[in-house]
Amino acid sequence: MIILKLPEEVQHWALNTKRRGQRIAFVPTMGALHEGHLSLLREGRRLGDKLAMSIFVNPLQFGPAEDFEKYPRDEPGDLKKAQTCGVDVIFAPSAKDIYPGGFQTAVAVQQLSMPLCGAGRPGHFQGVATVVLKLFNIVQPDIALFGEKDYQQLKVIQKMVRDLNLPIQIKPMPIVREKDGLAMSSRNTHLSPEERKAALAIPTALQKAKGLATAGETDPKTILNAVVATLTESKKIAIDYVSLCDPETLEELKVLQRPALLAIACFVGKTRLIDNCLLK
Ligand code: PAF
């Protein structure tokens, strides 16, 4: 496994790899790797001749009052985990190599970036799309893997790839959960033991909604009320949004048509967690 810091070194490696006719699989990350990331890496290992991963906590996708400084970082741990998954190249750039002085270009996937997380985190998806396009141009992947936990991010990236004719296959990967149902997230490490317990209301609320939908409930309000009631049973949870929306456009549904995406974002203490499921 080699670790490269400079964009031009990675681009050089990528172009040589492709010249040899080898397929590059790519997993972009912000580090603090957990089983969710590792599932992407294992699948990337299977799909590509070469497997590249990036570790870069992207300042552009954090708002001024958000947790950029506090975002968990564990480079030595990440390198060990990456090695066990057979990563060939790690790209771990500095912020000034990604955004040199005078950087002024942005990628905006307009409508898809507006609802859900976009509403409370203006500029977030522009920051994500901009860095992911840069990473794609540097790493030159044939296939890139993204987790469905960040569902809106996945949709934004898929749209960017289609809209800009990028010759890259995007492979969505299922949410990986802890044994008790909490979706894996780097931010889970911020939870106190009490908050960790309270956070279980999120997967419980998703299960409740699935149960109602399976029993034939078609009124989004009934489902959303049940979700909100489950989440707010705990005083430690403050809801950012709960939405039942179209899984492609992310527009709110007035009537439950299937499949529908149920998306939740809430603060457990100071930690913002997101989760979702499809109601089929
Ligand atoms: O999902 C993430 O970890 C980040 O948003 C990504 C895709 C690596 C871009 O910074």
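Heavy atoms only: backbone and side chains are in, while hydrogens, waters and symmetry mates are out. All ligand and atom numbering here is 1-based and tracks the order in the structure.
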Numbering the atoms of ligand 1 from 1, which are under 4.0 Å from a heavy atom of [X]?
| X | result |
| --- | --- |
| Thr29 | 8 (C) |
| Gln61 | 4 (C), 5 (O), 9 (C), 10 (O) |
| Pro28 | 8 (C) |
| Val131 | 9 (C), 10 (O) |

### Query
Do Asp67 and Arg187 sit within salt-bridge range, that is, some charged N less than 4.0 Å from a carboxylate O?
yes
### Message
Tell me whether Asp142 is salt-bridged to Lys18, with the criterion being a basic N under 4.0 Å from an acidic carboxylate O.
### Response
yes
### Query
Going by heavy atoms in the side chains, are Lys134 and Phe103 under 4.5 Å from each other?
yes
#### Entry: Side-chain donor or acceptor of Asp150 paired with backbone N/O of Gln153 under 3.5 Å
no
#### Entry: Thr84 (side chain) donor-acceptor with Lys81 (main chain) under 3.5 angstrom
yes
### Message
To check your reading of the model: name the closest protein heavy atom to atom 7 (C) of ligand 1, its residue, and the distance in Å.
### Response
Gln153 NE2, 3.5 Å
### Query
Which residue holds the protein heavy atom closest to atom 3 (O) of ligand 1, what is that atom called, and what is the gap in Å?
Met30 CG, 3.5 Å
